[in-house]
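Have a look at the structure below, then the notes.
Proteins come first, then strands; the chains are lettered A, B, ... in the order of their sequence lines, and each starts at number 1.
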Amino acid sequence: MPPELLDATFAALADPTRRAILKRLAAGEATVGELAAPFAMTQPAISKHLKVLERAGLVTRGRDAQRRPCRLEAERLRDATEWLAGFRAFWAGSFERLDDLLADLQQGDPR
Amino acid sequence: MRATETLTVETPAPREIVMTREFAAPRALVFAAYTRPELLRRWFGPHGHELVECEIDLRAGGVWRYVVKAPDASTMTLRGVYREIVAPERIVGVETNEDCEAEDGTGTASTITFDERDGRTTLTHQLIFVSQEIRDMMIELGMQHGVGQGYERLATLLEEQA
């Protein structure tokens, strides 16, 4: 899996609601309505989470205009537990913060 | 994210981990961010984590110590001794954390190099562990520290799915 997608995957998995959505989809496809019910969340709220999961490639949406079922991409989830993934996650987060600091310093951050 | 700002982590030899990352800044600045506690506190540790203690004695034979606090308030301590410092190109030392120390106290050899080209810096961090077992264990620990509870729940999710 390309490193930037791995980072997106971990960011997607960092949220407990999204992990619960994946757990539900591991048991089979579901529509947005079916996913929202157990969480007592609105469909737009669930859709926001689904967008994050789709961007990470963990979930795909069916084309059936009526139902558009959500589907877990199991292969992607397995890739995320690849051996080096956690080690990378520790450092990738730090380096993103370092990017921000370096940008601040070069813009004449007074701190 | 641009491709050049992607972190690469490789295991080129059984006892090694090598990380490579490019930064949009001159190396004097990246080196400063790596060696000044007031700057390290602003970036070291994953998102949501905080470098709560940072002591650095930047000279050959000097010691350094970082304490990283996770969102769940658990802490992780990293320690080491510098062997060679060539500003702004290179930091060489030995990391001596309890988790990856050999029984005789030898630690992990660490070499960090800062190479600048066209105002951008390529950072390379090479870690050589005392054994493959300890390297592998550090990677496992990285799993836990890197994503904390999220990883354990992910592992559970996969087991249930299998």
Side-chain angles (χ1 to χ4, degrees), chain A residues 1-28 55-56 58 72-109 111, chain B residues 1-3 5-11 17 19 21-26 29-30 32-34 38-49 51 68 71 76 119 121 123 125 127 135-136 138-151 153-162:
Chain A
M1 178 188 287
E4 54 276 9
L5 191 52
L6 209 50
D7 293 336
T9 304
F10 270 97
L13 291 168
D15 179 274
T17 302
R18 291 197 282 271
R19 291 198 295 275
I21 290 172
L22 290 175
K23 188 171 170 173
R24 166 60 185 83
L25 292 176
R55 269 203 303 272
L58 292 167
L72 172 69
E73 293 299 326
E75 204 52 52
R76 191 76 85 207
L77 197 55
R78 273 190 282 273
D79 288 347
T81 62
E82 86 183 42
W83 192 40
L84 283 168
F87 187 90
R88 287 197 72 261
F90 181 96
W91 286 101
S94 295
F95 289 142
E96 282 169 15
R97 294 174 67 195
L98 180 51
D99 284 332
D100 290 343
L101 172 62
L102 291 168
D104 285 347
L105 292 174
Q106 290 178 93
Q107 277 163 25
D109 175 314
R111 280 193 282 170
Chain B
M1 187 187 289
R2 283 184 288 167
E5 285 163 3
T6 301
L7 167 63
T8 307
V9 179
E10 290 164 320
T11 51
I17 298 173
M19 292 191 285
R21 180 49 152 85
E22 200 174 306
F23 296 95
L29 209 55
V30 186
Y34 251 84
E38 68 274 20
L39 294 180
L40 270 160
R41 284 169 189 271
R42 290 168 68 178
W43 69 270
F44 193 86
H47 298 285
H49 291 59
L51 186 59
V68 179
M76 176 178 63
T121 300
L123 174 115
H125 192 162
L127 294 164
R135 183 203 65 177
D136 293 353
M138 272 310 292
I139 289 174
E140 281 301 314
L141 284 172
M143 291 284 215
Q144 294 165 31
H145 293 309
V147 291
Q149 291 181 333
Y151 174 65
R153 294 185 194 179
L154 170 60
T156 306
L157 194 81
L158 284 180
E159 281 163 18
E160 290 172 3
Q161 206 218 334

| remark: Partner of B:Arg42 under side-chain contact (heavy atoms from CB on, under 4.5 Å), picked from A:Asp100, A:Leu98, A:Leu101, is A:Leu101
| request: Just say parallel, tilted or perpendicular for the rings of B:Tyr34 and A:Phe95, cut-offs at 30° and 60°. | output: tilted
| note | Nearest heavy-atom contact between B:Ala24 and A:Gln106 is O-NE2, 2.9 Å
| remark: If one checks every heavy atom of B:Leu123 against chain A at 4.5 Å, the contacting part turns out to be side chain
| request: Applying side chain to side chain donor-acceptor pair (under 3.5 Å), name anything that partners A:Arg97, two or more places apart in sequence or on another chain. | output: none
| query | About how many Å separate CG of A:Leu102 and OG1 of B:Thr121, when rounded to the nearest 0.5 Å? | reply | 8.0 Å
| said: Using only atom types and a distance under 3.5 Å, with no angle test, would you say the side chain of A:Glu96 pairs donor to acceptor with the backbone of B:His47? | reply: no
| task | Determine the minimum heavy-atom distance between A:Ser94 and B:Pro46, stating which atoms define it. | result | OG-N, 3.6 Å
| Within-4.5 Å side-chain heavy-atom neighbours: A:Trp91 and B:Val9 | no
